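All of these numbers come straight from a predicted model, not from anything done at the bench. Below, chains carry the letters A, B, ... as their sequence lines are ordered, and counting in each starts from 1.
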Number of protein chains: 4
Amino acid sequence: MATSKHAGGRPREQRVDTAIAAAVRAVIGESGYAGLTVDAVAATAGVGKASIYRRYATKQEMTFAVLLHDLREESPADTGTLHGDLSALTEQIAEQLRGPGAGTLTGLLADIRADPELRTRFAETFLAVERGIITTLLDRAITRGELTHRPDAALVQALLLGPLFAWLIVLDEDSARATELAHLVATVATNALTANLLPTETWSTPVTAPDAVPGR
Amino acid sequence: MATSKHAGGRPREQRVDTAIAAAVRAVIGESGYAGLTVDAVAATAGVGKASIYRRYATKQEMTFAVLLHDLREESPADTGTLHGDLSALTEQIAEQLRGPGAGTLTGLLADIRADPELRTRFAETFLAVERGIITTLLDRAITRGELTHRPDAALVQALLLGPLFAWLIVLDEDSARATELAHLVATVATNALTANLLPTETWSTPVTAPDAVPGR
Amino acid sequence: MATSKHAGGRPREQRVDTAIAAAVRAVIGESGYAGLTVDAVAATAGVGKASIYRRYATKQEMTFAVLLHDLREESPADTGTLHGDLSALTEQIAEQLRGPGAGTLTGLLADIRADPELRTRFAETFLAVERGIITTLLDRAITRGELTHRPDAALVQALLLGPLFAWLIVLDEDSARATELAHLVATVATNALTANLLPTETWSTPVTAPDAVPGR
Amino acid sequence: MATSKHAGGRPREQRVDTAIAAAVRAVIGESGYAGLTVDAVAATAGVGKASIYRRYATKQEMTFAVLLHDLREESPADTGTLHGDLSALTEQIAEQLRGPGAGTLTGLLADIRADPELRTRFAETFLAVERGIITTLLDRAITRGELTHRPDAALVQALLLGPLFAWLIVLDEDSARATELAHLVATVATNALTANLLPTETWSTPVTAPDAVPGR
DNA sequence: ATATAAGCGAGACGGTACGTCACGTCTTTGT
DNA sequence: ACAAAGACGTGACGTACCGTCTCGCTTATAT
């Protein structure tokens, strides 16, 4: 059994993909998200514009692919307690948000919102994955007996992600204190969950594709 | 001493200001934030481009002025309890975020982040006001005896604003449930505050003047 | 009666028109017709590309307008004899063909042929004018009694223009001898005309409307 | 001694040459000379682009080779009179010019003029051959006693080729009348020649290689 | 028989030019 | 002096072609 044999014609060079990704990051580092032009990326990467547009339909898609590739969520380790799990997750989120920088993230988010296709892909490949992690984590707590039932994961996600996002992106506060905030958020959320403040998911409002999550 | 006497020449028509503001909203409603061009605004408003640029230095400034004028925070009413006050505030925040739509807010936020001057004005005229409200609210709770000391307002702001922002803007969840989330957030925050989970503001991190940090 | 009053808005600057025309000629002189790019013209003229495209829909239209403006036919002087008139005309044609250079003319001609609209304009503004001159000239000869009837002007045009075009453009022969050839052509044509070798225009074949030809 | 033995490796398939030639003509017929792209030719021919570039260095060379292969001049038959010979030649020229269509010829001519190498080859393989034919024809007339001396062949060529070229290519007149014009041109040229209007070739201005012609 | 060499379709590659669009400025005519 | 209209220089966008290259494969001759 073969895996995608290569139909014919010259295969895409991985070197080009690498160069594009590096160039995107370099140009953003140099000129910011606003100064990110396709020509600049092509020039920096030593690559033709056509090679970029052969891979990505628009500049936004390119940026999305390059920048969000780094942000891929990893499966959370079991720390033994709900608070520990939540703490690990919020720390990871803080880490990810800190990376690209506030300016980049707002620009990227705006671009994602403007393009319906990107929006869907963002929801599916990023938000849904994170939500899946949260679900896993909550189920573990139920198994342990820390929780009696599973609350709405979307609300939990908002409670966890929101404060960190606000701190780093909206308020533009000191990123050094993000870890501190991460722990605070984890504690607050743990309290809320164990106090049964959150309703269960009764209205079924999945981000996009709930079935695509657990199988992963 | 008179206030802005009008030095000479034809005075500006207020009609033009109104038309611009209306046109900005109309164009965004029609074509989204991405389709918001100065030419489109001028044409829709029946106004020359020069009249726009006589008022605002850049397109971003125009958008900022028009869209964030509505969002001016109002002084909070004293509901008698900390939880009531927080609930009123989060509801107000939810209301404001629901208004312009997610696409508009992300775009606007990106533009604000890209322009240092706008960033400062955003922090001063919006974030700082909101933070002031929070401070007022916390002081009231201390007076009532609900709190023993005043925790860091920036952290409180992140905890209150964040989940709503995430829900409406990042996760793009059902805006009808925003009120529900607002109450949840208020409750969670009240619990955290009364449990003394938040540290007091020891590092002095004002929103408006990061350069005022004493370490300098 | 006024001549196109200027409806409103900033008027086109004639300086730009002039600069574009000069730049087109400069770039062709520098890099040949093949090296004539819109960007080069814009840069040389110190003009934005948009200002070029505001005037001309395509590069070809620009080239057409600039290069064929010089070639405008002037009304022929009456020399007193048919041979003298023809000689003056062929000399003028030779002069015009010699000007832009063979490479430019072939390129321009190819572009004109490729665009139906340009083709029509070329026929109307250039070929038809030249043919009108020929008609005038023949009528004069009839008045003088040198000719008994007016032969088909299209055939005369082919006989006069053709050899010079072939010599300079197709065969790329010595342009210094073009004047000699012009006189020869005039003499040969005079002989043919006075010998009544050419038929009268019976089929009605206007330059501008070739589709009206019945034989098709 | 063998002719090009084939050093090793797979020999070129003649099928490919044929397919390319057919495709060039097909694409021109479909999209005109302007729409003649190498990719289109390759796709139409069912051939890789590399196979085209293995045969021709540039697109222009390909076009040249394919389109001018048909136009090869054939040796003229002796009709017994100068006028008959000239008539046969002009008819043949008219036939050749009628074939590819005006748009194609102007485009091709422009490309030939732009490339020095093609220009040389065009002069040598096409113009010089035609001039050789004219020379032969004139010599025959001298032998017959119709002419007393041999006039400049380049001038004769211009007189013969020019009007037909102008009629079909520049003026874009009815190609059905080209034969009529061919006879007219032959008559006019015969008159001019027998009237000794043309000078002999005193300045020696061969197209390219005069010695390469007669020996054939 | 097998190695060597080149041709083959397919299509990716770096470049270059095209024509479009938006920005923020400037210049006209009116009021 | 402000207003509407719209031209101006700048610069990025996404598309199209050119001529080159690299794949995996096929087809000849040379050993």
Atom pair distance, as rounded to whole Å: [atom1] in [X] and [atom2] in [N]:
| X | N | atom1 | atom2 | result |
| --- | --- | --- | --- | --- |
| Tyr53(A) | dG14(E) | OH | P | 15 Å |
| Asp17(A) | dG14(E) | CG | P | 11 Å |
| Glu61(B) | dC23(E) | CD | P | 15 Å |
| Arg15(C) | dA7(F) | CZ | P | 15 Å |

Under 4.0 Å between any heavy atoms, over every strand shown, what does [X] touch: base, sugar-phosphate, or nothing? Just pick one.
| X | value |
| --- | --- |
| Lys49(D) | base |
| Gly9(A) | base |
| Ala50(C) | base |
| Arg12(D) | sugar-phosphate |
| Ile52(A) | nothing |

Nearest to the [X] side chain among [options], which nucleotide is it?
| X | options | result |
| --- | --- | --- |
| Val38(A) | dC13(F), dG19(F), dG14(E) | dC13(F) |
| Val16(B) | dG14(F), dA3(F), dG9(E) | dA3(F) |
| Ser51(B) | dG24(E), dA3(F), dC8(E) | dA3(F) |
| Thr37(C) | dC18(E), dT27(F), dA7(F) | dC18(E) |
| Asp39(C) | dC13(E), dG9(F), dC18(E) | dC18(E) |

Sidechain-backbone polar pair: [X] side chain, [Y] backbone, donor-acceptor under 3.5 Å:
| X | Y | answer |
| --- | --- | --- |
| Ser31(A) | Ile28(A) | no |
| Arg121(A) | Glu117(A) | no |
| Arg113(A) | Ile169(B) | yes |

Within the pair [X] and [N], is there a side-chain N or O less than 4.0 Å away from OP1 or OP2?
| X | N | answer |
| --- | --- | --- |
| Arg55(D) | dC8(E) | yes |
| Lys59(A) | dG14(F) | no |
| Arg54(C) | dC8(F) | yes |
| Arg10(A) | dC13(E) | no |

In terms of the nearest nucleotide of DNA chain E, which residue is placed more toward the 5' end: Val47(A) or Gly48(D)?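 Result: Gly48(D).
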Here's a test of your reading of the structure: between Ala45(C) and Ala40(D), which maps to the more 5' nucleotide of DNA chain F?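 Between the two, 5'-proximity favours Ala45(C).
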